[in-house]
Amino acid sequence: MKVNFCLVGLTLLFSSIYMTLENRKSDHFRRFYNLLDAGQKNKYEDIVKERMLIYLGGMILGTALGYFYYTKNKGSKYLFCKVLIISYLTKLGFYYSFPKSPLMLYSLHSKEQTDAWADIYSEMKNRWIKSLVVGFFAYIFLVVALVN
């Protein structure tokens, strides 16, 4: 089965845009944060900052590799889509493989805190799946609009 480079690349692009626009200050996040003591709040903020820096590092690396591919393959068919795939898969791979400090889960002390953390985890997993679906349908909508 032939996979269309633009299907993958633009789905990842639209998915990323959707995740960026999604509200990150939901009730689950507020509830969890309010359950933490001062030390845990500092730990949580450190983890969030660390993860954001790793994410940005992956974006920079992905952009650089995408640009490198672009400069070496200017005549390639579906060049824009291939650059998107390289950029986004590099970003995701870098983020997931880069060493990180222990999960916030290991700093929680009560069942109420772990339950609140599980709610955040479930929400973020559902957002990721939803963003891929939105990205895919945005691609389909774009293709249909361009063809007609």
Please report the interatomic distance [atom1]([X]) to [atom2]([Y]), rounded to the nearest 0.5 Å.
| X | Y | atom1 | atom2 | result |
| --- | --- | --- | --- | --- |
| Arg31 | Asp115 | CZ | CG | 7.0 Å |
| Asp27 | Glu123 | CG | CD | 8.5 Å |
| Asp119 | His28 | CG | NE2 | 5.0 Å |
| Asn42 | Ile47 | CG | CD1 | 11.0 Å |
| Tyr55 | Ile60 | OH | CD1 | 12.0 Å |
| Glu112 | Trp117 | CD | CH2 | 15.5 Å |

Pairs under 3.5 angstrom only: tabulate donor-acceptor contacts from the side chains of residues 32-41 to other protein residues two or more places apart or in another chain.
unit_1, atom_1, unit_2, atom_2, d
Tyr33, OH, Glu45, OE2, 2.3
Asn34, ND2, Arg30, O, 3.1
Asp37, OD1, Gly39, N, 3.1
Asp37, OD1, Gln40, N, 2.7
Gln40, OE1, Asp37, N, 2.9
Gln40, OE1, Gln113, NE2, 2.8
Gln40, NE2, Ser107, O, 2.8
Gln40, NE2, His109, NE2, 3.4
Gln40, NE2, Gln113, OE1, 3.2

| OH/Tyr70: more than 12 non-hydrogen atoms of other groups inside 6.0 Å | no
| field | Working for side-chain contact (heavy atoms from CB on, under 4.5 Å), residues Tyr88 and Lys91 | value | CA-CA 5 Å; Tyr88 281 97; Lys91 175 184 75 170; 3.4 Å; yes
Considering all heavy atoms of both residues, which atom of [X] and which atom of [Y] are nearest to each other, and what is their separation?
| X | Y | answer |
| --- | --- | --- |
| Cys6 | Tyr78 | SG-CD2, 3.9 Å |
| Gly93 | Ser97 | O-OG, 2.7 Å |
| Phe14 | Ala138 | CD1-CB, 3.5 Å |

| field | Chi angles and distances behind the side-chain contact (heavy atoms from CB on, under 4.5 Å) call for Leu105, Tyr121 | value | CA-CA 10 Å; Leu105 181 62; Tyr121 177 82; over 6 Å; no
| said: Against the six-membered ring of Tyr95, is Lys100 placed for a cation-pi contact (under 6.0 Å from the centre, within 45° of the normal)? | reply: yes
| request: Might you work through the side-chain contact (heavy atoms from CB on, under 4.5 Å) test for Glu50 and Phe98, ending with a clear yes or no? | output: CA-CA 11 Å; Glu50 174 195 57; Phe98 195 89; over 6 Å; no
Going only through I, L, V, M, F, W and Y residues with side-chain contacts under 4.5 Å, is there a path from [X] to [Y]?
| X | Y | result |
| --- | --- | --- |
| Leu92 | Leu53 | no |
| Met124 | Ile129 | no |
| Ile86 | Phe68 | no |

[X] side-chain N/O to [Y] backbone N/O, donor-acceptor pair under 3.5 Å:
| X | Y | answer |
| --- | --- | --- |
| Ser15 | Leu12 | no |
| Lys72 | Tyr67 | no |
| Ser87 | Gly62 | yes |

| said: Working note: Leu79 + Tyr69, criterion side-chain contact (heavy atoms from CB on, under 4.5 Å); need CA distance, chi angles, decisive distance, verdict. | reply: CA-CA 9 Å; Leu79 180 60; Tyr69 181 85; 3.7 Å; yes
| message | Among Leu13, Leu7, Val8, which residue satisfies the side-chain contact (heavy atoms from CB on, under 4.5 Å) criterion with Thr11? | response | Leu7
